[in-house]
Amino acid sequence: MPNPISCRLPCVGVLALQGAFREHKWALERLGVQVFLASTLAALRDCEALVIPGGESTTIGRLLNDFNMMEPLRERIRGGMAVFGTCAGMVLLAREIEGSVQPRLGLMEITVRRNAFGRQVDSFEMDLEIPVLGEEPFPGVFIRAPYAVGVGQGVEILCSVQGKGVLLRQGKLLAAAFHPELTGDLRLHRYFISQVAGWNEACKIG
Ligand code: GLN
């Protein structure tokens, strides 16, 4: 008999200041979780887990500062809120951003390089091997993507490209350099909800 508390469906926010937030909302809705777009401090306080989308990390970081959301969000995350950052969201989670002092949450022990795959290949797709998602390759969509050039203690590299981390986990923080929300493949969103945020398999998400 499943425990009713562990089976309560989570309320996931998608940070909606700039970038590809709608696509994340649609992906999460398809999994059957409650999702809302969070663009205010009050909305952030209602989130039990948060997705930070791709977009422009400098813009999202500046808006988080301008709207006085940066420090309260850090506090929520330090308090155990699960976060999934994709592309610009990964940059915002990183402790260090090579050559940049731009605003960031800075809570994940990784050093990232922005636009790391070079200008002439701004955008590409490749099949990724991600063992935690099973054997079937995952469609990786890379758009001016970062990668991790360094990882600190407690960070697991779940997938690498050219020897650099493009999917990383540190406890309740998950960072992807690519855009799972632009594919029809829901496995990474499901992994975030069930394994990282911790709403377990008994909930039969998706
Ligand atoms: N290059 C962008 C940045 O560093 C990220 C691009 C993206 O999110 N697709 O903010």
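Nothing fancy with the numbering, it's 1 onward along the sequence. Counting starts at 1 for both ligands and their atoms, in listed order.
A salt bridge is absent between Arg76 and Glu48: the closest approach of a Lys/Arg side-chain nitrogen to an acidic carboxylate oxygen does not fall below 4.0 angstrom.
Each of Arg62, Arg144, Gln18 was checked for a side-chain hydrogen bond (donor to acceptor under 3.5 Å, both in side chains) with Glu56, and the lone residue meeting it is Arg144.
Contacts between Glu56 and ligand 1 below 4.0 angstrom, taking non-hydrogen atoms only, involve backbone and side chain alike.
Partners of Tyr147 by ring pair (Phe, Tyr, Trp, His ring centres under 6.0 Å), not counting sequence neighbours, listed by chain and number: Phe117. For Arg22, there are no side-chain hydrogen bond (donor to acceptor under 3.5 Å, both in side chains) partners, not counting sequence neighbours.
Residue-to-ligand polar distances keep Gly54 apart from ligand 1: every N/O pair is separated by 3.5 Å or more. Between Ala88 and ligand 1, an N or O atom pair is found at a separation short of 3.5 Å. On a distance-only criterion, Arg114 and ligand 1 share at least one N/O pair closer than 3.5 Å. At a 3.5 angstrom cut-off on N or O pairs, Ile143 counts as close to ligand 1. Residue Thr86 has no N or O atom closer than 3.5 Å to an N or O atom of ligand 1.
Taking atom 1 (N) of ligand 1 as the reference point, the nearest protein heavy-atom neighbour is Asn115 OD1, 2.6 Å.
Atoms of ligand 1 lying under 4.0 Å from at least one heavy atom of Cys87, given by number and element, are 5 (C), 6 (C), 7 (C), 8 (O), 9 (N). Numbered from 1 in the order shown, with element, the atoms of ligand 1 that lie under 4.0 Å from a heavy atom of Gly55 read 2 (C), 5 (C), 6 (C), 7 (C), 8 (O), 10 (O). Residue Ser57 approaches ligand 1 through these ligand atoms, each under 4.0 Å from one of its heavy atoms: 3 (C), 4 (O), 10 (O).
Heavy-atom neighbours of Glu135 CD from other residues, nucleotides or ligands within 6.0 Å: at or below the threshold of 12. Counting non-hydrogen atoms of neighbouring residues, nucleotides and ligands closer than 6.0 angstrom, the CD atom of Glu71 exceeds 12 such neighbours.
The distance between the ring centers of His179 and Phe142 does not fall below 6.0 angstrom.
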